[in-house]
Each structure stands twice: as structure tokens, then as C-alpha cells.
2 protein chains.
Amino acid sequence: MKPSRAPQVLENPSLGEAAQLIKKGIAQKKTVIIACHCTVDYEGRANSTLGPGDRVVLIKPDGSALVHRPKDYAPVNWQPPGSLFKTTLKEGEVELRAYRRKEKERMVVHIKKVVLAAALELRDSGEFTLYASERDMQEAILLEPSLLEEGFRPVTKERPVDPGFIDVMGYDSDGNLVLVEIKRGRADKNSVEQLKKYMDVVDRDDSRRVRGLLVAPEATRGALKLLAQLGYEFKPLTPQKCSEVLRRRRATPLTRFLSGSR
Amino acid sequence: MKPSRAPQVLENPSLGEAAQLIKKGIAQKKTVIIACHCTVDYEGRANSTLGPGDRVVLIKPDGSALVHRPKDYAPVNWQPPGSLFKTTLKEGEVELRAYRRKEKERMVVHIKKVVLAAALELRDSGEFTLYASERDMQEAILLEPSLLEEGFRPVTKERPVDPGFIDVMGYDSDGNLVLVEIKRGRADKNSVEQLKKYMDVVDRDDSRRVRGLLVAPEATRGALKLLAQLGYEFKPLTPQKCSEVLRRRRATPLTRFLSGSR
DNA sequence: TAATAAATGTCGTTT
DNA sequence: AAACGACGTTTATTA
């Protein structure tokens, strides 16, 4: 009998050796990497076929699986986390099935030749932090309302309104209600329509003048045109700028407090 | 001097050996796979940091790079195709830089320990075909209009209208104009609003009665409510069903012609 | 669980 | 290059 600590990396293995490594790797909840010549079939939310070629197959311990061609950001085929796997050694191929019962969805990788197979125990508890998100823009505006315009006073972070939540809401220096829609990327017509949905609801409830303000680093021509038609406004603001504001504010709260209290 | 066909797979290599393999692999336009302990920093459209942990780094010959944690469908960090790379052996780490000049965007992987490094020549010209897309639904409806309702007669595949293109347009058995919006997944409020945009334009130009028809496998409650409010209709239809229709139609054109001509 | 909107979305297509 | 919409989108958040 083979030792349980069988080699975890195989170069140009036989299909039998590869099948064994894949099976064991998946069973032991390891991360399995396979560089191979294969075809792929998918049936589920859609159907797809992929002709023969060399790809990298990645099987993760959370039950996700990816088939990557030697190009593109996105996998050509995949199965989301929570999938189950079945590896079968057949005549001339290793068949790797990744399926989700509930979704009636399955991806089948027909592995014809394995160049490299590895089963690795990857431990990863590193923290991931993303800055300059739309959320950050929101918080920056609340901390430093003058980012929008002088005299702007935010009311609540997000007020529930019929359709959903308004990104920011407040009053301008003239006391007008201002509804703000934030986009971290170039705003398009959709962004304006999203703002319009909120405006429509608040306009109904509120007899006062209400201003609609789209905040984004830039906007498409179509968006600007639609804004003009609806009488809304555009305020250019980059997520990077907001991120800096947050960093500064958070880095020096005591200093600000002291200097502010003099 | 080392032979140019140096080992392409290294298990637990030194940082120096790994750096050499990565550099050469990238220079030779190979697919480079690195399983390593690392941290990642990203600056560009947003900013992010990723603390220490074990990941799989994939570098593709088209200049895309992915950092995959042992979980999730999506990479935790990445750089799109067309990126440039710089690999530097430093004190205690291999620094892998992936950057895009034009976008002022860079991802830096600080590789502290390499478990597995491989540079592989992957050849992949296999054809990928996706079935049951929204496009397929459109074509199936044009080929078999009764999928929508008896007596439906499509006019043109897509007619340009101010906002864009209508998925399908036609006349019902009573001669009413019908505008069709297709969704391959569950239709939501946005889908209805998209249909409304087209309806608004055509309603203006056209004095006849115009019907709005949303076609999708299912629809959210909100979408159905909005549909009812606007007086539009919903026709359940799955992409799978359309795909079957297409397959049948395409598989037996001669037979149909013969039987149809009797 | 359903719905809603963000995403370093990516990717194709058309203007 | 810009805009626009689909995607087997995925993912997180919230009712």
C-alpha cells in the first residue's frame, strides 16, 4: 500500500497516477492544480462545449472549480463554491465531474493528458482590505460634506425609500433637500435612472424643492444629457480623493480634535 | 551556463530559483503557476492590501495575472490582459509586479516562500461554444414565433430605437404591435424599466396600441408588480427550451422542408 | 430566502 | 475610443 504522504506534485504522470492524486487531494480538502490537455462540457443555467486544448484546472477546498485557458481574466468554465466532485479513471481519460445537485448544474472536464498535477495544503487567513470603494466615497462625504459643496449637511447615512436606499441625503445651504447617487466609476444612463427612481419617490412625498445630485469621477455623454433633461446635477469626485480624505481623517483624529478645540 | 531547457517545475525552490523560473517563464510567454506564501498590494482603480497567506498565482502569456485564495470563484487580486511584469529578487522575497502604464494600475505580489513554481507552454486553440444565451432565445423566437403566442409575427430581428435596440418586435394576431424584452435569467425591475424605455419611445411615434412583453424563465415579485402597473405582460420561457428549439430546427432543415412542401 | 445594487466587475459589439 | 448591455456574471447586504 502506498504511503499516505504520497508525492503531492507529479510531472507528466500517467492518467492513473493523476486520477489518484486528484481524488485524494479533493478528499483531503486540498487545493488541486492540474495542467492538462482536456475538453470541457457544461450543462446547467446554460450549456457549453470546449474543444481540446491545454488548460489549468484549479479545484479549491471550498468546492469551487475553475478551468483557465492560457488567456483572459475569466475562467472559460467553472463551478461555484459548494460543488461536489467525482473523479473517474476511464479509457484514455480522467473524467472530473463538478456538480451542484440543487442547481442541476454540472461541469465535466475530460482530461486526456496531464502535464502537471499537484495537491497542496494552502492556509490562508490573511485579511483583505479594499479602499476607494463606493462605500468609502459615501463615508468620506459624510465626514467631509464640503466634498460635495460648501454648506452641505448630510442627514442620515442611508435612508430607506421605497425602491431601496439613497446613497447620501442632506440639505444644501439654502435648505433644499439633496438626494445623492454615488458611482465609483464612470456614471452612465443607468446611474441617472437610479437617481431618478429615488427622486420620483421623494418628490411625491415631499412638497419642497428637491435636488438630484450624481457624484462620480466622470459621466458618459448620455448620462450628462439625461441629467440635464431631468434637471439634475453632476459633481465630479474620484474614489481616490475620498480614500485620501478618509485616511487623513482617521489617521489624525486627536490632532484635529485638539486643533479644533483651540 | 545552465541549459535553456532548465527544469520547468520546481518543488520548494529557493527564492532565487523561483525568481529565475518566473522571469524566464514570463519572458518566454509561458503560463506560469506559483503556489506560494505571499502578500499582495494593489493600487489603481481602487486600492487594496492582502495580508500573508498561501495562494496560487497564475500568470498568462496574454499578460493577465490572477491571485487565487484557496476559496471563492473570483481571484482576490488580479491584473487584466495586456499587463507588463517585472520580477525582482529581493531580501527575503521575490517581488512580482504586474502593471498597466496607461491605466496607472499596479499589483505587487510579495512572495515570501514558494511551494511550487512551474512555467508551462500551454497551447489552446479549442473552440468554445455557449448555448442557451439570450441571443439564442432571440433566434429561437424568430424561428418559432409561437414560442411567444399563437399568431405572433416577428418583424425585424432588432429595430434600432432611440435608446438602443429592441430584442424582438412583431405583431400579434390582432395586428397590435408587440415589443419584446428578453432575459435569460430571472427578470427584475430593471428588465421592466428597460422595456418601458422602448415602449415610451414607440408609444410616442406610434398611435396604434402597443403591447409590452417581458420574456424570461421567471420574474421577481417586484418586476411582476411593475409590469402590472404599466400594463405590460409576462411570458415565461426558458433559455433551455429555446436552445432545444434551435437544435431541432437546425438539425432537420431538409426534413422540415420536405414535409412542409407536401 | 428573495431582492437589490456594487464590482479594480469583464467582455463583446456597435457607433 | 466611447457607450451600452449581457454575463452560466459573482458577491455582499438587507428585508
Side-chain angles (χ1 to χ4, degrees), chain A residues 40 42-48 64 66 71-81 100 103-107 128 130-138 158 160 162-167 181-191 194 197-198 218-225 239-240 243, chain B residues 40 42-48 64 67 71-81 83 98 100 102-107 128 130-138 158 160 163-165 167 181-191 194 197 218-225 239-240 243:
Chain A
V40 184
Y42 162 76
E43 286 175 59
R45 286 169 288 171
N47 304 320
S48 72
S64 52
L66 309 166
K71 66 187 185 76
D72 297 340
Y73 158 86
V76 60
N77 282 109
W78 73 94
Q79 207 60 274
R100 298 198 290 166
E103 311 283 338
K104 285 181 189 165
E105 194 172 39
R106 68 172 179 277
M107 173 180 76
F128 177 73
L130 181 72
Y131 306 91
S133 61
E134 186 183 307
R135 186 73 164 201
D136 278 6
M137 293 182 75
Q138 197 184 68
E158 288 180 303
D162 182 25
F165 287 86
I166 294 173
D167 288 339
E181 173 63 33
I182 303 172
K183 288 294 160 196
R184 70 169 310 290
R186 183 181 296 187
D188 58 12
K189 277 187 199 169
N190 276 338
S191 319
Q194 204 172 327
K197 271 195 284 184
Y198 300 128
E218 48 186 342
T220 65
R221 273 180 229 153
L224 292 174
K225 203 177 117 189
Q240 296 292 356
S243 189
Chain B
V40 184
Y42 163 74
E43 286 175 60
R45 287 168 289 172
N47 305 320
S48 72
S64 52
V67 179
K71 66 186 185 76
D72 296 340
Y73 158 85
V76 61
N77 282 110
W78 74 93
Q79 207 60 267
S83 302
R100 298 198 290 166
K102 210 185 145 195
E103 310 284 339
K104 287 180 190 163
E105 193 172 39
R106 68 171 179 278
M107 173 181 76
F128 177 74
L130 181 72
Y131 307 92
S133 62
E134 185 183 308
R135 186 71 164 202
D136 278 5
M137 293 182 75
Q138 197 184 67
E158 289 179 303
F165 287 86
D167 289 339
E181 173 63 33
I182 303 172
K183 289 294 162 197
R184 71 169 309 292
R186 183 182 296 188
D188 58 11
K189 277 187 198 170
N190 271 341
S191 319
Q194 206 171 326
K197 272 194 283 184
E218 48 185 342
T220 65
R221 279 194 289 259
L224 291 174
K225 205 177 117 188
Q240 297 292 355
S243 189

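Worth saying up front: this structure is predicted, and the values here are computed from it rather than measured. Note that these values count all heavy atoms, side chains included, but never hydrogens, waters or copies made by symmetry.
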Please report the distance, rounded to the nearest Å, between CE in B/M137 and C1' in D/dC7. 14 Å
Please report the distance, rounded to the nearest Å, between NZ in B/K189 and C1' in C/dA2. 12 Å
B/Q194 CD - D/dC4 C1' separation (whole Å): 10 Å
Nearest heavy-atom contact between B/Y131 and B/D136 is CA-OD2, 3.4 Å
Are the side chain of B/D188 and the backbone of B/S191 linked by a donor-acceptor contact shorter than 3.5 Å? yes
In whole angstrom, what separates A/E218's CD from D/dA3's P? 8 Å
Using a 4.0 Å heavy-atom cut-off, write out nucleotides 8-15 of chain C from 5' to 3' as B (base contacted by protein), S (sugar-phosphate only) or - (no contact). BSSS----
With no hydrogens and no angle check, is any side-chain donor or acceptor of A/Q138 less than 3.5 Å from a backbone partner on A/D167? yes
Whether the side chain of B/E134 engages the backbone of B/R184 through a donor-acceptor N/O pair (distance < 3.5 Å, no angle test) should be reported. no
Between B/A98 and B/Q79, the two heavy atoms sitting closest are O-NE2, 3.1 Å
For the P atoms, the ones on C/dT4 and on C/dT8, what distance do you get once it is rounded to whole angstrom? 23 Å
Would you mind reading off the distance between A/K197 atom NZ and C/dT4 atom P, rounded to a whole angstrom? 8 Å
Keeping B/Q240 on the side-chain end and A/G44 on the backbone end, is there a donor-acceptor pair under 3.5 Å? yes
NA contact type, A/E181, heavy-atom cut-off 4.0 Å: base, sugar-phosphate, or nothing? sugar-phosphate
In whole angstrom, what separates B/N190's CG from C/dA3's P? 14 Å
Atom-pair distance (CZ on B/R221; P on D/dA15), nearest Å: 15 Å
B/E134 has a side chain; which of C/dA6, C/dA3, D/dA6 sits nearest to it? D/dA6
Indicate yes or no for a side-chain donor-acceptor contact from B/Y73 to the backbone of A/P81 under 3.5 Å, with no hydrogens or angles considered. no
Pick the C1' atom in D/dA6 and in C/dA7, then give their distance to the nearest Å. 15 Å
Just name whichever nucleotide pairs with D/dG8, Watson-Crick or G-U, keeping both distances under 3.5 Å, else none. none
From CG of A/D167 across to P of D/dT13 the rounded distance in Å is 15 Å
Considering only atom P, compute the distance from D/dC4 to D/dG8 and round it to an integer number of Å. 23 Å
